[in-house]
Engineer: 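One structure coming up, written as structure tokens, with questions to follow.
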There are 2 protein chains.
Amino acid sequence: MPRAGLSRDVVVETAAIMADEVGLNSLTLAALAERLGVKQPSLYKHLDSLAGLHRSVSLLAKRELGEAISRAAIGRSGSDAIFAMSHAYRNWAIQHPGRYDVTQSPVAPRDVEDEATMMSAVQVIADVLTAYRLEGDDSVDAIRAFRSLLHGFVSLETTGGFALEADIDRSFERLIRGFTVALDHWKDPVDGAQS
Amino acid sequence: MPRAGLSRDVVVETAAIMADEVGLNSLTLAALAERLGVKQPSLYKHLDSLAGLHRSVSLLAKRELGEAISRAAIGRSGSDAIFAMSHAYRNWAIQHPGRYDVTQSPVAPRDVEDEATMMSAVQVIADVLTAYRLEGDDSVDAIRAFRSLLHGFVSLETTGGFALEADIDRSFERLIRGFTVALDHWKDPVDGAQS
DNA sequence: TGGTTTTGGCTATTGACCTTAGCCAAACAG
DNA sequence: CTGTTTGGCTAAGGTCAATAGCCAAAACCA
């Protein structure tokens, strides 16, 4: 019985790869063990439970997505940064659908590490929006709007929610442009007028 | 052994209620059977499989959500209709989180009944957007944007994605207002100008 | 009404899966 | 080279979806 040379990180990374192939919820420990060339109970030397593995994959995914959008925003500002971040976000999600699924919800209530990871990704968005001079509630609302936009579009796209396959790129571009337009008018007074 | 008087509809409806309590994926046939006062294998007299039950709950949910937004749009037009639909959508989702989860993705590729159900809900949105005189690609993009907005916000909210519990109502209002602003400028030429 | 058929419960069983217990050899530390 | 830790393994238990086969209740029908 030669050793397989596993480690916690290898197991989690492999689980993430398989999650992108079949979905995290459909990933079984038996399948994961087989890919790692090991019997199923051996995995428990590297993880505490399936739920713990899910948490680890979720944290990995949140960190990766945060890094992807952060990298895209470097050296850009304003709508330029918004477009770059949006594309980075969407591209990462399309390349990692299984991971993406578990990026937007807390893995458990009161999970400090999880909250910190998500917070640091959200902070990138907050920083980019400073160019629009939004503060306090205005900023919170804009961040939530941006996250809703991105998550909604990407979630619908990756789960097949858009009936027509064609022209999804253009629809996304349009969505982000619409958001920048809305941002330009974010602090306009509310009235019923319509052009 | 007196009979429980079950029917397919009762089973599906009860499953939907329990899905709202614990999530559809966490719903076990054992728990469903117990609530119905019946042993687990007895359920198979009314359904073909767990996957089939999921499909039925999904179709029920899509129908209900479609009816909710359709009802809200009656007698309204323009941004008035958009706000009414948005609130109906969000309220329904908050009241039925388990069902909402399965409204946005096709239950299976090439499921004709499923596609038709979703299409009829999307058609309501398309009708409301006619007030903005959008046609062809403009309309497709706007519908996708609106669906993305709603789904993204509601999905983040119901899964606990927004860290701060407070002021979510205002953020939603702001999001929808932003969308109506963007719609007013939907056909503006693209340029880099920013106010 | 009485006989037959269909329907809707049930118990028992199988197989997939997660998980724990306990064994033993490989790696490692001195 | 010896002792300890580590990382595999087999075996076994519990939960779940699903199937097979039984039997009584309901429905049908003459």
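Sequence lines set the chain letters: A, B, ... in the order given, protein chains first and strands last, and positions in each chain run from 1. These values consider heavy atoms only, across backbone and side chains, with no hydrogens, waters or symmetry-generated copies.
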Engineer: Please round to 10 degrees the angle between the axis of the first five pairs and the axis of the last five pairs in the helix from C:dT1-D:dA30 to C:dG30-D:dC1.
Structural biologist: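 About 10° separates the two local helix axes.
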
Engineer: Does CD in A:E13 sit with more than 12 non-hydrogen atoms of other residues, nucleotides or ligands closer than 6.0 Å?
Structural biologist: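 Check passes, neighbour count above 12.
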
Engineer: Apply the test side-chain contact (heavy atoms from CB on, under 4.5 Å) to residues A:E115 and A:R110: give CA-CA distance (whole Å), side-chain angles for both, the deciding distance (0.1 Å), then the verdict.
Structural biologist: CA-CA 8 Å; A:E115 283 169 9; A:R110 311 286 320 142; 4.3 Å; yes

Engineer: Work out which heavy atom in B:L43 is nearest to a heavy atom in B:L29; give both atom names and the distance.
Structural biologist: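 That would be CD1-O, 3.4 Å.
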
Engineer: Tell me the closest heavy-atom pair linking A:R133 and A:K187, and the distance in Å.
Structural biologist: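 Between these two residues, the closest heavy atoms are O-NZ, 3.0 Å.
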
Engineer: Is the distance from OP1 or OP2 of D:dT6 to the nearest side-chain N or O of A:H46 less than 4.0 Å?
Structural biologist: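 Answer no for this pair, as no side-chain N or O of A:H46 is under 4.0 Å from OP1 or OP2.
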
Engineer: Is the count of non-hydrogen atoms from other residues, nucleotides or ligands lying under 6.0 Å from B:E34 atom CD greater than 12?
Structural biologist: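 At most 12 heavy atoms, drawn from other residues, nucleotides or ligands, come within 6.0 Å of this atom.
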
Engineer: Any Lys/Arg nitrogen of A:D137 or B:R174 sitting under 4.0 Å from an Asp/Glu carboxylate oxygen of the other?
Structural biologist: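 B:R174 and A:D137: not salt-bridged.
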
Engineer: Can you name the closest pair of heavy atoms from B:V181 and A:A182 and give their distance?
Structural biologist: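 Taking every non-hydrogen atom into account, CG1-CA, 4.3 Å.
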
Engineer: Distance check needed: C:dT7 C1' versus B:L43 CG, whole Å only.
Structural biologist: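 Between C1' of C:dT7 and CG of B:L43: 15 Å.
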
Engineer: Would you kindly give the NZ-to-C1' distance between A:K45 and C:dA27, to the nearest whole Å?
Structural biologist: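 After rounding, the gap between these two atoms is 14 Å.
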
Engineer: Quick one: does NZ or CZ of A:R144 land under 6.0 Å from the six-membered ring centre of B:F162, within 45 degrees of the ring axis?
Structural biologist: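 Yes, A:R144 sits over the ring of B:F162.
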
Engineer: How long is the line joining CG of A:L32 and C1' of C:dC17, in whole Å?
Structural biologist: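 These atoms are roughly 14 Å apart.
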
Engineer: Should the heavy atoms of other residues, nucleotides or ligands under 6.0 Å from CD of B:E21 be counted, would the total exceed 12?
Structural biologist: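 Yes, the 6.0 Å shell around CD holds more than 12 heavy atoms from other groups.
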
Engineer: Under 4.0 Å between a Lys/Arg side-chain N and an Asp/Glu carboxylate O for A:R55 and A:D114?
Structural biologist: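 The answer is no: the pair does not qualify as a salt bridge.
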
Engineer: To the nearest Å, how far apart are B:D9 CG and C:dG8 P?
Structural biologist: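 Distance, rounded to whole Å: 13 Å.
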
Engineer: Between B:H87 and B:F172, does a ring-ring contact (aromatic ring centres under 6.0 Å, His included) hold up when you go through it step by step?
Structural biologist: CA-CA 9 Å; B:H87 287 120; B:F172 185 67; 5.8 Å; yes

Engineer: For residues 13-26 of chain B, which residues have at least one heavy atom under 4.0 Å from DNA chain C?
Structural biologist: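 Contacting residues: none.
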
Engineer: From NZ of A:K39 over to P of C:dC18, roughly how many Å is that when rounded to an integer?
Structural biologist: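 Atom NZ in A:K39 sits about 15 Å away from atom P in C:dC18.
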
Engineer: Look at the side-chain N and O atoms of B:S42 and state whether any lies under 4.0 Å from the OP1 or OP2 oxygen of C:dC10.
Structural biologist: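 B:S42 to C:dC10 OP1/OP2: side-chain N or O found under 4.0 Å.
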
Engineer: Can you check nucleotides 16-20 of chain D for protein contacts, nitrogen or oxygen pairs under 3.5 Å, and list what you find?
Structural biologist:
from, atom 1, to, atom 2, distance (Å)
D:dA17, OP1, B:L29, N, 3.0
D:dA17, OP2, B:L29, N, 3.1
D:dA17, OP2, B:Q40, NE2, 3.4
D:dA17, N7, B:Q40, NE2, 3.1
D:dA18, OP2, B:Y44, OH, 2.7
D:dA18, OP2, B:L50, N, 2.7
D:dA18, O5', B:Y44, OH, 3.1
D:dA18, N7, B:Q40, OE1, 3.4

